[in-house]
Amino acid sequence: MDKQYQAKDIEEKVYQSWKEGGLFNPDNLSEGKKGSFSIATPPPNVTGALHMGHALNFTIQDTLIRWKRMQGFKTLLLPGTDHAGIATQNVVEKKLKKEGQTRFDLGRDKFIEKVWEWKKEYGGMILKQIESLGVSCDWSRTRFTMDDNYTEAVHQSFLHYYNKGLVYRGKRAVNWCPRCQTSLSDLELEYKEEKGKLWFIKYKLKNKNEYIKVATTRPETMLGDTAVAVNPKDKRYKKLVGETIILPIVNREIPIVADEFVDLEFGTGAVKVTPAHDMGDYQISQRHKLEVMQVIDENGRMNNVPSTYQGLKAKEAREKVVAELDSLGVLEKVVDYTHQVPKCYRCNTTIEVIPSWQWFVKMDKLAKLSIAAVEKKKIVFTAKRWEKGYFAWLENIQDWCISRQIWWGHRLPVWFCQTKKEAHFVSLKAPKKCSICGQCQPKQSEDVFDTWFSSALWPFATLGWPKKTKDLKQFYPTDMIITARDIINLWVVRMIFSSLELLKQVPFKKIVIHATIMAKDGRRMSKSLGTGINPMDLIERYGADATRFGLSWQVTELQDIRFGEENMMAGKKFCNKIWNASRFVMQQLGNEKFDLATKPKPVTKEDKKILSALAKTIKKVNNNMAKFYFGAAIQEIYHFFWHQFCDLYIEEAKNQIREAKSAENTKKILIYVLATSLKILHPCMPFITEEIYQSLPLKKKKSLIIEKWPE
RNA sequence: GGGCAUUUGGCGCAGGGGUUAGCGCAUUCGCUUCACAUGCGAAAGGCCAGAGGUUCGAAUCCUCUAAUGCCCACCA
């Protein structure tokens, strides 16, 4: 054995042996008394490579699943990837752009072919990286959200919602990304602070020489105003409610309405209402039956406006509108104003609100189901503090816009009649004839589902739903979901209500939200900030065990981890320590084979001390693991192994072995403590422990994967 | 605007109503035939963010303040 531990030589070989052993597959595990334990791993997008967040997430999941497996559970850690609609489409579009093409040059079918090619090439990359981290997923059950049978699940769930009246199609104001050319849900927006201006405009009352002043950050939208709103409690405007206004520039007549939504304190207390291009205004318009007048089109250009503005980009129109208002003498003042501007979470383009035909999931019933499940503790957040946000979001929820106008994704199984406009029906297979007019050749909807609509089915669709499979029976509901906080609403909540509605069961019993890794300066780790660190580099330089050690070391209940590479360095040193302590022990033992089943008896004071310290350590590790305090668990073992076992006992053992009467018993204790330490280290540091364990002179020996966890 | 967190030696973090507040890394000094220099032994380094309160006693509980981070929100 080499004096130094060489992670690289060992990891690939050991992982290969695990794969050949097939023990990541629960079908090959014996049916113990403990039953099954399953986790569906959060599927990474096929767009990318493993980042630190993934590395931590998978380390935690694997540590837990290995611990459970050793305890005798029939464990399943199910891997897979997400097609990630917009994200992947954008990546492929970017690639095309380099070749001087757009997706429109190719057309829908050819483009989708390109995306599949891309997926084939890069989609599996991230799974390989997860392997190199040592994660014990059952690769035979790997799933992709656009597998044929997964698509069936997506269709079935839509059909279910449709039949139950839980989805509807409507023309409503939605968030629209002018670059991606698609609608987005509220959760897919990211707000960024921008310096803008607040324009104060005077609107003249009809037949009176009076004005009402409004404040706006987007004067160009005034062309689409259909009302001015004031708060009903506002004394200043009480007598103006019901009056009519002549909208400047277009000289249209619009009413003044009273609505609670208006804040008395802000601006002038009077709001111009542009239902087509503002979510809040849209809701006012619904309450007061106001006209929705679209003046900005899908490309972010002015439309349906006086010819001087027609076709201008919104921003260009803004300057012109302001200039014209000024020349009309109705621009009162302009002040600097900083506000939050919504951006597309995939391409960072400023979002426009525009009215369009979309599909929505009705959320009131589903939200209630989700709230009840957590209130009744059918699902438990292991850190209670996340509940508050969960409830808050569900209590104020809007209907979920699930249709997207992109090409990559599950196409809606909706068919439009060609004779009767807007008439449509749902059919999972291409219909032979139109079930509305019975004559035409119906056309399938161009829309695809929101990518989160399909990921919402992940824990059960991966197990075979809607078919009643053996896997579903055995592994569903899953035991827990382990993920980062940023997708609680985006993903976790949606899995919960999907499962409650479609399967009448919870999708998992526990929600474990783990820390987020930040850069050392406390900022988010991201490529664009240049603060990202590639976990594959860490594995390359320190080895997978050391990387896992370094990550786990810092896992506490805390929400943030400021990443320090020193922890991986410490992990590497620790590997070396384990390696050399094991070398020493084996040098002492010779060829005799030991039986671990019988605990050695302590003879000397030191024997007693190390055995009781080991027992204590096991207890503490169990407690910490059960509470998901992985950092505390690994620190306990680290301390025990390095300082109590190596520094004290091994040193003493050298003396004890020199004396004939204590030599034999000391050797028994040495190998017992070493082997047991390897077992409790295995969930966190699987490679090195397995490698060493297999070379120990033991009578009965299995892979550490399924060795019995010490009690 | 609301919510959730964080603030402990140079850096990254544990801990937690009561004799000397811990760990990793870094630092200083001394050790190399006999598992490991990715090592061993020793040492230095902190008025536990600030203010007030509860208590016999607080770094630990409570209140407020300040910085920082994250999430949520239809203030135009």
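It should be emphasised that the depicted structure is a prediction, and the values quoted were computed from it without experimental measurement.
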Original post:
Can you list every pair that meets side-chain hydrogen bond (donor to acceptor under 3.5 Å, both in side chains) and has a residue in residues 687-696 of chain A, with sequence neighbours left out?
Top reply: K13(A)-E691(A), W18(A)-E690(A), E690(A)-Q694(A), E690(A)-S703(A), Y693(A)-E707(A)
Original post:
Among C75(B), C23(B), A76(B), which nucleotide sits nearest the side chain of V262(A)?
Top reply: A76(B)
Original post:
Say you pick atom P in C47(B) and the same atom in C11(B); how far apart are they, in whole Å?
Top reply: 13 Å
Original post:
Do the side-chain N and O atoms of Y211(A) and E332(A) include a donor-acceptor pair separated by under 3.5 angstrom?
Top reply: no
Original post:
Checking all strands, does V273(A) fall into the base, sugar-phosphate, or nothing category for heavy-atom contacts under 4.0 angstrom?
Top reply: nothing
Original post:
Under 4.0 Å between a Lys/Arg side-chain N and an Asp/Glu carboxylate O for K667(A) and E664(A)?
Top reply: yes
Original post:
What is the distance from CD of Q554(A) to C1' of C23(B), rounded to the nearest Å?
Top reply: 12 Å
Original post:
On a whole-Å scale, what distance lies between the C1' atoms belonging to A76(B) and U6(B)?
Top reply: 34 Å
**OP:** Please determine, by modelled atom types, if N175(A) and D186(A) share a side-chain donor-acceptor pair under 3.5 angstrom.
**Re:** yes
Original post:
Want to know the stems of RNA chain B: at least 3 consecutive Watson-Crick or G-U pairs with distances under 3.5 Å, which are they?
Top reply: B:1-7 with B:66-72, B:10-13 with B:22-25, B:27-31 with B:39-43, B:49-53 with B:61-65
Subject >> side-chain N/O K388(A) vs C4(B) OP1/OP2, d < 4.0 Å >> reply: yes
Original post:
Going by distance alone, is a donor N or O of one side chain under 3.5 Å from an acceptor N or O of the other, for W579(A) and D2(A)?
Top reply: no
**OP:** Round to a whole Å and report the spacing from CZ of R318(A) to P of A76(B).
**Re:** 13 Å
Original post:
For atom C1', what is the distance between A59(B) and A49(B), given to the nearest Å?
Top reply: 12 Å
Original post:
So what does Y542(A) touch, heavy atoms closer than 4.0 Å: a base, only the sugar-phosphate, or nothing?
Top reply: nothing
**OP:** Starting from P on A73(B), measure out to CG on N175(A) and report it in whole angstrom.
**Re:** 11 Å
For nucleotides 33-39 of chain B, print each protein N/O atom paired with a nucleotide N/O atom at under 3.5 Å, atom names and distance only.
from, atom 1, to, atom 2, distance (Å)
A35(B), O2', N580(A), OD1, 3.1
A35(B), O2', R583(A), NH1, 3.0
A35(B), N7, K654(A), NZ, 3.4
A35(B), N6, E651(A), OE2, 3.2
A35(B), N3, N580(A), O, 3.1
A35(B), N3, A581(A), N, 3.3
C36(B), OP1, K3(A), NZ, 3.4
C36(B), O4', N580(A), OD1, 3.1
C36(B), O4', N580(A), ND2, 3.4
C36(B), O2', N576(A), ND2, 3.2
C36(B), O2', N580(A), ND2, 3.4
C36(B), O2, K577(A), NZ, 2.9
C36(B), N3, K577(A), NZ, 2.9
U38(B), O2', N576(A), ND2, 3.4
U38(B), O2, K572(A), O, 3.4
G39(B), O3', K577(A), NZ, 3.1

Subject >> Value in whole Å for how far the C1' atom of C72(B) lies from CG of L490(A) >> reply: 13 Å
Subject >> G15(B) to U54(B) separation - P atoms, rounded to the nearest Å >> reply: 29 Å
Original post:
Between C70(B) and C31(B), how far is it from one C1' atom to the other, in whole Å?
Top reply: 49 Å
Subject >> Whole-Å P distance, U38(B) and U19(B) >> reply: 39 Å
Original post:
W491(A) side chain to S455(A) main-chain N or O, any donor-acceptor pair under 3.5 Å?
Top reply: yes
Subject >> Side chains of S662(A) and Q656(A), donor plus acceptor under 3.5 Å >> reply: no
Original post:
Quick one: is the NZ or CZ of K197(A) closer than 6.0 Å to the six-membered ring centre of Y337(A), and within 45° of its axis?
Top reply: no
Original post:
For D281(A) and C75(B), what is the distance between atoms CG and P respectively, to the nearest whole Å?
Top reply: 11 Å
**OP:** Answer with yes or no whether the side chains of T350(A) and K343(A) bring together a donor and an acceptor at under 3.5 Å.
**Re:** yes
Subject >> Nearest to side-chain heavy atoms of W553(A), which nucleotide of A73(B), G24(B), C70(B) >> reply: G24(B)
**OP:** Please lay out, stage by stage, how F549(A) and W553(A) fare under the test ring-ring contact (aromatic ring centres under 6.0 Å, His included).
**Re:** CA-CA 6 Å; F549(A) 175 94; W553(A) 184 266; 5.2 Å; yes
Original post:
How close or far is atom P of A26(B) from atom CD of E565(A), stated in whole angstroms?
Top reply: 13 Å
**OP:** Using the P atom as the reference point in each nucleotide, state the distance between C71(B) and C29(B) in Å, no decimals.
**Re:** 46 Å
Subject >> Euclidean distance for C1', C25(B) against U55(B) (whole angstrom) >> reply: 39 Å
Original post:
Taking for each residue the nucleotide of RNA chain B bearing the nearest heavy atom, is the 5' side occupied by N567(A) or by Y337(A)?
Top reply: N567(A)
Original post:
side-chain hydrogen bond (donor to acceptor under 3.5 Å, both in side chains): which pairs involve residues 632-645 of chain A, sequence neighbours left out?
Top reply: H643(A)-D647(A)
**OP:** Could you name each residue pair satisfying side-chain hydrogen bond (donor to acceptor under 3.5 Å, both in side chains) that touches residues 270-279 of chain A, not counting sequence neighbours?
**Re:** T221(A)-K272(A), D225(A)-K272(A), D225(A)-T274(A), K272(A)-T274(A)
Original post:
Within the structure, does a side-chain N or O atom of H643(A) lie under 4.0 Å from either OP1 or OP2 of G41(B)?
Top reply: no
**OP:** Scan H277(A) against the nucleic acid and name what it touches under 4.0 Å (heavy atoms): base, sugar-phosphate only, or nothing.
**Re:** nothing
Subject >> cation_pi(K654(A), F584(A)) dist<6.0 Å, angle<=45 >> reply: yes
Subject >> Position toward the 5' end of RNA chain B (nearest nucleotide), F563(A) or N489(A) >> reply: F563(A)
Original post:
Does a donor on one side chain sit under 3.5 Å from an acceptor on the other, for K3(A) and N576(A)?
Top reply: no
Subject >> Nearest-Å distance for atom pair CG/C1', residues D486(A) and G3(B) >> reply: 17 Å
Subject >> Residues touching RNA chain B, which here means a heavy atom under 4.0 Å, drawn from residues 390-401 of chain A >> reply: W393(A)
Subject >> Nucleotide G10(B), atom P - distance to CD of E566(A) in whole Å >> reply: 15 Å
